[in-house]
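Right, one structure below, let's go through it.
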Amino acid sequence: MPKQTNLIVRSPAFLYREAKKVFELHCEQVPLAKLAARFGTPAYVYSTQAAQFRFKALDQAFDRVPHTLCYSVKANSNLSLLRLLHKMGSGFDVVSGGELERVAQVGRRALQNTVFSGVGKTADEMDTALRAGILMFNLESESEMRLLAERAHRVKKKAPVAFRVNPDVVAETHPYISTGLREHKFGVPMADALRLYSAAAEQCWLEVRGISVHIGSQITSVQPFGEAMARVAELARELLNRGHAIRYIDSGGGLGICYGNGQGVEQELSVTAAAYAQALIGPLRGLDVHLLLEPGRSIVGPAGVLLTRVLYLKKNGEKRFAVVDAAMNDLLRPSLYNAYHEIVPVERRDGTGTAKVDIVGPICETGDFFARDRKMPSLEEGDLLAILDAGAYGMSLASNYNSRPRPVELLVQGKKVKVVRKRESIKGLIAYEK
Ligand code: LLP
């Protein structure tokens, strides 16, 4: 058994082990170099243990209140991950007919714990969700409410609903993923809520069940969550006084993770989760409601890496580049949000010095980068790199830009590896075209 070191403990699931004087990055018990040799690169590699650990840590933080974690499928919609979380008791948050079908594949019971979010649900999607018997539709406008009432009448199934209210709180995060301000397209204004709930109560094909809120994503302070919840709790009390049966409060997702090179993210999670739980549960005191949460990133983010190989090293004047075989189509976050992802060599050779490089993909855009002026241990062509914290909004945001097949997805458990999604083929990519 190779000796374990704690050189990098971003997540206990990914760590270096010493083998013959070199330190090799492993996912659980499996060397990443072995996976690259067997399945090629780029490849997404997920750790079962990390996903399970994170789900449990969040779930346990809310133990003292009736609650359900409805994992947000958009973060990573791989069926095997959904099955894994379902087995641990997770419900789901979906935003499209496609995501709903994924949950249906996981099992009928999973549908009963599924909430349907999103500003633009279509009539077809509503029909499917009604027939599936989901837990709750989170409505985002009066027009949507009217359409849902119509579809429910047609399908002859009462639609359980909540309104997603816009609490107008500031949450510090990237502007593209902040959602809880008046100027954002999401939710209905707090000031309209009482009127909308009355209108919904008059519709005999709608059943008012709850209130939902979601203020954004990658939020690393718990304060805005607490503020939003305080406003929602106040609304819940008012609605209950008026005779609406508010049984569920859906607090959305959004708890951030640490993308920097801090140590021991996993240990921190229970602490963060406790503070998060405190912020959400506090305002609900005295309310007899079931809390729903829609975490995505906080569960799967640190549970995955994108494995890529250095194709070429080049120098343009003083500027050094490492061109790797993954690109912005595989992991869009750095290009789209200027997001920081820690990048580490799969094999650590000590004493080779460091240099600043741009780590870039082969796509024909200057925005195709994973890191700029990043201090890295000296790289060689052929080296493998792991882009960390890529389990959330990695593969789910991947595209076929530049006609690039999307990467293979691998799920590791102990010493075992499963291909949970095949690498796409070029033939497959063009099969839809005549
Ligand atoms: N619930 C709703 C209604 C949402 O809109 C989202 C995320 C979630 C839950 C899950 O949020 P989480 O716990 O994962 O933060 N592509 C961006 C993130 C977009 C988030 C969209 N909504 C990124 O890569 O940072």
Side-chain angles (χ1 to χ4, degrees), residues 51 54-55 57-59 61 68-77 81 85 90-96 99 114-121 135-140 144 162-167 171-181 184-188 210-222 224-225 228 232 248-259 269 272-273 276 280 291-304 306 328 330-341 370 387-399:
R54 302 186 70 83
F55 180 90
L58 256 186
D59 200 31
T68 306
L69 299 192
C70 295
Y71 167 71
S72 194
V73 174
K74 66 173 82 66
N76 188 323
S77 41
L81 282 175
L85 294 171
S90 186
F92 297 97
D93 157 50
V94 301
V95 290
S96 70
E99 289 187 353
T114 294
V115 295
F116 197 162
S117 310
V119 283
K121 304 175 196 77
L135 178 63
M136 200 157 79
F137 288 85
N138 290 339
L139 299 174
E140 302 220 21
E144 188 194 356
F163 279 98
R164 170 169 171 184
V165 293
N166 187 323
E172 242 172 71
T173 183
H174 190 281
Y176 286 6
I177 53 175
S178 167
T179 58
L181 279 178
H184 297 143
K185 69 179 174 184
F186 299 100
V188 301
I211 309 177
S212 84
V213 71
H214 172 79
I215 54 173
S217 193
Q218 185 50 19
I219 298 169
T220 48
S221 151
V222 298
F225 291 113
V232 168
Y248 291 93
I249 292 203
D250 180 346
S251 62
L255 181 64
I257 59 170
C258 160
Y259 283 102
L269 180 68
T272 325
Y276 178 57
L280 292 183
L291 182 62
L292 302 174
L293 298 112
E294 302 173 359
R297 185 192 322 261
S298 50
I299 293 178
V300 292
L306 177 59
M328 65 189 282
D330 303 305
L331 177 66
L332 187 59
R333 303 195 71 260
S335 308
L336 188 58
Y337 313 112
N338 205 16
Y340 182 95
H341 280 262
F370 293 116
I387 306 179
L388 304 186
D389 305 308
Y393 306 108
M395 185 62 171
S396 63
L397 268 172
S399 78

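Read the numbers this way: they start at 1 and go in the same order the structure lists the ligands and their atoms.
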Return the set of residues passing side chain to side chain donor-acceptor pair (under 3.5 Å) with [X] (not counting sequence neighbours), or none when no residue passes.
X      : value
Asn166 : none
Ser396 : none
Thr114 : none

### Task
Please determine if Asp93 and Lys74 form a salt bridge, counting it only when a charged side-chain N lies under 4.0 Å from a carboxylate O.
yes
Dump the pairs for me: ligand 1 N or O, protein N or O, distance under 3.5 Å, to 0.1 Å.
residue: ligand 1; atom: 1 (N); partner: Asp93; partner atom: OD2; Å: 3.3
residue: ligand 1; atom: 1 (N); partner: Glu294; partner atom: OE1; Å: 2.5
residue: ligand 1; atom: 5 (O); partner: His214; partner atom: NE2; Å: 3.4
residue: ligand 1; atom: 13 (O); partner: Gly254; partner atom: N; Å: 2.8
residue: ligand 1; atom: 13 (O); partner: Gly296; partner atom: N; Å: 2.9
residue: ligand 1; atom: 14 (O); partner: Arg297; partner atom: N; Å: 2.8
residue: ligand 1; atom: 14 (O); partner: Tyr393; partner atom: OH; Å: 2.7
residue: ligand 1; atom: 15 (O); partner: Ser217; partner atom: OG; Å: 2.4
residue: ligand 1; atom: 15 (O); partner: Gly254; partner atom: N; Å: 3.3
residue: ligand 1; atom: 16 (N); partner: Tyr337; partner atom: OH; Å: 2.7
residue: ligand 1; atom: 24 (O); partner: Arg333; partner atom: NE; Å: 2.6
residue: ligand 1; atom: 25 (O); partner: Arg297; partner atom: NH1; Å: 3.1
residue: ligand 1; atom: 25 (O); partner: Arg297; partner atom: NH2; Å: 2.9
residue: ligand 1; atom: 25 (O); partner: Arg333; partner atom: NE; Å: 3.3
residue: ligand 1; atom: 25 (O); partner: Arg333; partner atom: NH2; Å: 2.9

### Query
Within the side chain of Arg164, is there an N or O that forms a donor-acceptor pair under 3.5 Å with the backbone of His214?
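Such a contact is found between Arg164 side chain and His214 backbone.
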### Within 45° cone of Phe116 ring axis and under 6.0 Å: Lys121 NZ or CZ
yes
